[in-house]
Amino acid sequence: MSNAPYCDPNRRHDFILLFDVTDGNPNGDPDAGNLPRTDPETMQGIVTDVCLKRKVRNFVALADAINGPNGSGNQNRIYVQDETALNTLHEQGYKDAGIGDKVKKPQRGDINTARSQMCKDFYDIRMFGAVMTTGVNAGQVRGPLQMTFARSVDPIIPLDFSITRIAVTKPED
């Protein structure tokens, strides 16, 4: 079984991810009033690689919360999140690696140690890679899983609906 081509990490693996959306917006464009992203020439819907990675991150975080860490300890944490500054996570990586006193002036070896600790702790760094040189330098990682934009099979028609109500809330109205 270990000789199977799909188990060999030295070989390139391409895959396709299919998901179905009906009456929804899988990746709104903030520059266009959050309407679905579309290719103006083909009218195909577009979902960015960032959006796809967020879906994977959310799934891993949710599965880990539901199933528990399954012996993985703290290794399925998510690096890219909205509630914690990245530099705070970098500092924590230095502390967890036992070199917290070298955060301000790290040597090359310290950065490599911090990078290894970050890879150990965070699922999305191991999968997608990360540039962790924002202020507190924890190095860079190129992940084995690279994604590109997704396209819808069929053209879509983005519609902007407005909601009106007929119920009166105040007697004077």
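Remark: Gln146 CD is packed, more than 12 non-hydrogen atoms of other residues, nucleotides or ligands lying under 6.0 Å away. Counting heavy-atom neighbours within 6.0 Å of Glu83 CD, excluding the residue itself, gives a total above 12.
Side-chain N or O atoms of Tyr94 include none that pairs as donor or acceptor with a backbone N or O of Gln117 at under 3.5 Å. Between the Asp64 side chain and the Ala61 main chain, no donor and acceptor come within less than 3.5 Å of each other.
One distance of note links CD of Gln92 with CE of Met118; it measures 9.5 Å at 0.5 Å rounding. Rounded to the nearest 0.5 Å, atoms CG (Asn58) and CD1 (Ile78) are 8.0 Å apart. Asp154 CG to Thr42 OG1: the interatomic distance, rounded to the nearest 0.5 Å, is 11.0 Å. Separation of atoms CZ (Arg108) and CD1 (Ile111) is listed at 4.5 Å; rounding is to 0.5 Å. Annotation: the span from Leu35 atom CG to Ile157 atom CD1 amounts to 13.0 Å, rounded to 0.5 Å. To the nearest 0.5 Å, atoms CZ (Phe149) and CD (Gln44) are separated by 13.5 Å.
Considering every non-hydrogen atom in both Asn34 and Gly28, the closest pair reads OD1-CA, 3.2 Å. Counting all heavy atoms, side chain and backbone alike, Pro36 lies closest to Ile156 at CB-CD1, 3.9 Å.
Counting heavy atoms from C-beta on, the side chains of Asp49 and Phe128 never come closer than 4.5 Å. Counting heavy atoms from C-beta outward, Lys53 and Val56 have side chains that stay 4.5 Å or more apart. Asn27 is not listed as a side-chain neighbour of Ile46, based on a closest heavy-atom distance of 4.5 Å or more.
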Apply side-chain contact (heavy atoms from CB on, under 4.5 Å) to residues Arg57 and Val80 and explain how you reach the verdict. CA-CA 8 Å; Arg57 287 178 173 112; Val80 177; 3.6 Å; yes

List the steps, then state whether side-chain contact (heavy atoms from CB on, under 4.5 Å) holds for Leu89 with Arg77. CA-CA 11 Å; Leu89 298 175; Arg77 292 172 47 207; 3.7 Å; yes

For side-chain contact (heavy atoms from CB on, under 4.5 Å), just list the numbers for Ile125 and Met132, CA-CA rounded to whole Å, side-chain angles, deciding distance to a tenth of an Å, and then say yes or no. CA-CA 10 Å; Ile125 293 175; Met132 300 176 289; 3.6 Å; yes

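Both Val21 and Met147 sit in one connected hydrophobic cluster of ILVMFWY residues. Membership requires side-chain heavy atoms under 4.5 Å apart, directly or through other members. Note on Val60 and Phe19: same hydrophobic cluster, where clusters join Ile, Leu, Val, Met, Phe, Trp and Tyr whose side-chain heavy atoms are under 4.5 Å apart, directly or indirectly. The same ILVMFWY cluster, assembled from side-chain heavy atoms under 4.5 Å apart, contains both Ile99 and Val136. Val47 and Met127 end up in the same hydrophobic cluster when Ile, Leu, Val, Met, Phe, Trp and Tyr side chains are linked at under 4.5 Å.
Among the candidates Leu145, Asp121, Asn76, the single residue satisfying the side chain to side chain contact (heavy atoms under 4.5 Å, CB included) test with Arg126 is Asn76.
Ring geometry, Tyr79 versus His90: the interplanar angle falls under 30°, so the pair is classed parallel (tilted spans 30 to 60°).
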